Structures are given as structure tokens and as C-alpha cells.
2 protein chains.
Amino acid sequence: MSPKFVDRERKTKEIAQAALILFSQKGYAATSVGQIAKTAGIGKGTIYEYFKTKADIFIAALREWTDRFEKRLRKHLEDIENPIQKLHAIAEMNIELVDPLDSATAQLSLEFLQQSLLENGILFKRRYLLKQMHAGQCRMVADILLDGISKGLFRPEIARDAEKIAINLLAYFDGVRLHSITSENYFDLKEQAYFYLNNLIRSIQTSGSQLQTSN
Amino acid sequence: MSPKFVDRERKTKEIAQAALILFSQKGYAATSVGQIAKTAGIGKGTIYEYFKTKADIFIAALREWTDRFEKRLRKHLEDIENPIQKLHAIAEMNIELVDPLDSATAQLSLEFLQQSLLENGILFKRRYLLKQMHAGQCRMVADILLDGISKGLFRPEIARDAEKIAINLLAYFDGVRLHSITSENYFDLKEQAYFYLNNLIRSIQTSGSQLQTSN
DNA sequence: ATTATGACCGACTGATCGGTCATAATAAAA
DNA sequence: TTTTATTATGACCGATCAGTCGGTCATAAT
């Protein structure tokens, strides 16, 4: 049945995907390599043909996750021209991320943070991963802002603060997402997101513009 | 009828405090009961004279932590009359919390979140603790807003949205605090906080504008 | 048919952990 | 001093885990 040569890259990815599910459900510490193997439908020993340590599995799973996230974000934005609508789209994606079906994302990002911050965490020596991810998203938002300026929607004075505003926005969405999950959606995340976003847009847009309504 | 006198309550607290340090440094899973005992300067068995399980130690440590937090917040606010200044004080306390000396708080709150969200987490069945804490802070902020309305500083129409706005503010500060820690303070937290806060205040205070969110 | 090799596996190992328990220490009471 | 109830302890236990290893299997090359 088994071919002599296997697509190792593909299989590595499969294992990482299986691990991703477990890590997001149970966290890193409570997920055993045996369970990962079982979920992936292979023997435990085989795991170690593809990964040196459990920590390596975690890192691969994380990369899998961030890749999907990036891809999704880009897809969400690619067809939109208007910078304000782009900001709305980002808000919407953050809202989607709280979907129970997707709550894995939140738990993963908690694990990600924790492993980066704890002195004995898997990622303590690799915090650049965290920064990389933030920096990527930050630049994306900053570019939207700059685009908005060049299109006359946002005030030119904010150009040098674009990055700061981007950080502000991303930080807000991270926070509200966490609150939404921990509160089990007792508040209206959409309403919250738009309250923030509209306050923000109002403070950066050129006088005379009107609010956009969005789905 | 009292052969040996020990202040059990005090000792329980001592153990919880020792545990608090370790949990915030290494996380729950990586902290062993033996280490807690050692840190507290007692034998491992003694721990179990005061706590039934490791999870109970964690919960006690958490309570210790939230108590301090509450006390600190109240002290920060008690001498301030002006609601806008009170909001500023809350911002300032959030800034203080990122102090490296205090980064334990961030890690503790991550662990708190995670143990509440993971299905096998210690607090999964006790998520009301998380909600309690949020609700307490939320009410505190909402009260400031209502006070501001009664003092003619904020628009009366926001009264019924006070809680929502409070959530918005707390979510923002949680988010920006996390970002600040993970980014190792590469951005100016104070600037960020005030950018948010000023946008918010501008949108709720009486002078001038109307404008409620579309959507 | 024989051999070589990549892929796969699960029993095993050494170590750690949470929690228990028999015993010792302590200090008030008799 | 002796008694007695309480408090303290660390050796100990069963469970679990990450990682290893000897060996099997299926295919490809000869």
C-alpha cells in the first residue's frame, strides 16, 4: 500500500494540521505526542521521522495557522478598492474569527502569546515570530491608511502616525476579540467593533466625508 | 482544646502568594506542587493540609491576584472627582501594568484566560470567575460614564450605551496592553492609550457633535 | 527471487508529577 | 511528666509523558 517514496512535505503538513486541532482544543501542555499521532492516523514513532521534538510540531502548527490567517486576510481585502471599506473588511474578519467554529484561533493565539512570554515557553527564544506576525499586519493596515490619504479620504497629517494608528486598531481588535470570547458573546461584537472603528475613522478622515454603511 | 496554634488562613495565603509567583513565571502546567512547597519554605505534604488539589492552589492564587488588582484600581480612583480624569487614571493604571516588574500580571491574565477557555482547563467549569472580574470592572467604568452624564460632561443619550462603551474601553486596554508586552514596548503605550481615549471622549462628550454609528 | 531501503510502528525507558500516608514533631492540657 | 489533638513531612505510588529503538513491511532495483 505505502509507496516507497512519500511526499514528506505534505505529510509534515498533515501532522501539523492534526496537531493544530489538538493544540487549539487542549493547549500545548495537555496535548501528548501520542494523541497527535492518533489524530493524524499514524504511529507515534512516525511522528519523530518528521519532527525532532514536540516543540517543533508546535512551531510547524503555528506556521500552518499564521499562513492560513494571512491568506484569508489577503483574500478578504483583494477585491476592495476603498480604504474605508478595507478597514471595515478588517473589522469584519475579526468578527468572523470569534465564530465558535473558529474559536480555535483565539485559543491558539493565547497559547502563542503564552509560549512567547513565559520564560520557559517554547517560543521564548523565538519571539521574533510574534513580532513578525504583528509587523506584517501592522504594515498592511498602515498601507491602507496611506492609500486613504493619497485618495483624499484621510487627512495628510496622519501620514507619519500611520503605523501608530495601525497598532491602535490591531490592538483594539485583539482586545475586543478576547473579551468577546471570554464573555461568550454576551455583547454585540459587531456593534463594538464599529463603535471603535467609526470613532477612529471620524478622527482621521478629511472634513466633509460621510460615513460608509457596510454590510 | 487547642493543642497547637496555627493561623491557617494566613498560611493559606502565604502558600497562595508563593504559588502566584511561580505560576506567573512558568505557567500552571510547568509549575509543580513540590516547587510551590519549596518556594513557600514548607514540605510538599503540608501543601495538602491547606489545599485539596493543585487546581485549588491556582484558584486561590488567582483570587489573591484579582484582590490586589481591585484594591489598586480603587485606590487609583478614590481621590478623583472629575469623570474624565477618572478615565485618564484608568488609562494610566493600564500603562503602569506593563511595567516589566509587573509583567507577571500579563502572564497571569493569559493563564487565567487560557484555563477558562480550554475545554480541559482548570477554570473551564468556573468561567464565572472571569465574567465576575470583567463585570466588576465594566460596572466601574459604566458608573464613571453615568456620573459624567449627570455632571453634564457626557451626552445623556449615551446613558443606555454606558455598559457597551465600558466594554469597548476595557477591551481596548486589554488589547493594547498585550500588544505592548509582546512587542517589548517598541511603541509608546501612553501615546496609544491617549489616542484611543481622546477619540472616545470626543465622541461621547457634550460639546458640539452628535453622530451615532451607522449600521 | 533476492536484496536494499524508505516508511512505519508500538513497546520500552527514564524521568516527572500530583497526590497519599505512615510517622514525627509540636505544644497545650492534664 | 504524660497525654492528646493538631500540624508537618518526605518517602512512596501509580500514572503519564517525551523520546528511543529494534524490528516489520512494502516496494523498487537488481
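Fair warning: this is a prediction, and the values are worked out from it, not measured in the lab. Just so we're on the same page: letters track the sequence lines, and every chain starts at 1.
- Between Glu70(B) and Arg74(B) there is a salt bridge, since at least one side-chain N of the basic residue sits less than 4.0 Å from a carboxylate O of the acidic one.
- At a threshold of 4.0 Å, the pair Lys164(B)-Glu191(A) counts as salt-bridged, since one of the basic side-chain nitrogens sits closer than that to a carboxylate oxygen.
- With contacts defined as side-chain heavy-atom distances shorter than 4.5 Å, the pair Ile201(B)/His88(B) qualifies.
- The stretch residues 110-126 of chain A has no heavy atom under 4.0 angstrom from DNA chain C at all.
- Arg8(B) is listed as a side-chain neighbour of Tyr50(B), based on a closest heavy-atom distance under 4.5 Å.
- With hydrogens and angles disregarded, a donor-acceptor distance shorter than 3.5 Å links the side chain of Thr66(A) to the backbone of Leu62(A).
- A cation-pi arrangement is found for Arg127(A) relative to Phe124(A), the charged atom lying closer than 6.0 Å to the ring centre and inside a 45° cone about the ring normal.
- Distance, Glu14(A) CD to dC8(C) P: 10 Å, rounded to whole Å.
- Within a heavy-atom distance below 4.0 Å of DNA chain D, no residue of residues 36-43 of chain A is found.
- OP1 or OP2 of dA7(C) has not a single side-chain nitrogen or oxygen of Thr46(A) nearer than 4.0 Å.
- Remark: Arg8(A) is not in phosphate contact with dG6(C), judged by side-chain N or O atoms under 4.0 Å from OP1 or OP2.
- Scanning for ring-ring contact (aromatic ring centres under 6.0 Å, His included) contacts around Phe58(A) gives Phe23(A), Tyr28(A), with sequence neighbours left out.
- Between Tyr172(B) and Tyr172(A), the ring planes lie parallel to each other; the angle is under 30°, not in the 30° to 60° tilted range.
- For Ile47(B) and dG10(D), the CD1 to C1' distance is 13 Å, given to the nearest whole Å.
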Take nucleotides 17-22 of chain C nucleotide by nucleotide from the 5' end and write B, S or -, depending on whether a protein heavy atom sits under 4.0 Å from the base, only from the sugar-phosphate, or from neither.
-> SBBB--
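- Side-chain N or O atoms of Gln115(A) include one that pairs as donor or acceptor with a backbone N or O of Ile122(A) at under 3.5 Å.
- Sorted by first and then second residue, the pairs that involve residues 129-143 of chain A and meet side chain to side chain donor-acceptor pair (under 3.5 Å), not counting sequence neighbours, are Lys131(A)-Glu184(B).
- Using a 4.0 Å heavy-atom distance criterion, Phe51(B) is classed as making no nucleic acid contact.
- Put simply, CD1 on Ile57(A) is 13 Å from C1' on dC17(D), counting in whole angstrom units.
- Glu96(A) has a carboxylate O that lies under 4.0 Å from a charged side-chain N of Arg72(A), or vice versa, which qualifies the two as a salt bridge.
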State the dot-bracket string of DNA chain D. Criteria: Watson-Crick or G-U wobble, both atom distances under 3.5 angstrom; notation: ( ) intrastrand, [ ] crossing earlier pairs, | interstrand, . unpaired.
-> ||||||||||||||||||||||||||||||
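- Panel note: side chain Lys54(A), backbone Thr31(A); a donor-acceptor pair is recorded below 3.5 Å.
- Nearest heavy-atom pair, Val176(B) versus Gln192(B), reported as atom, atom and distance to 0.1 Å: CG2-CB, 4.1 Å.
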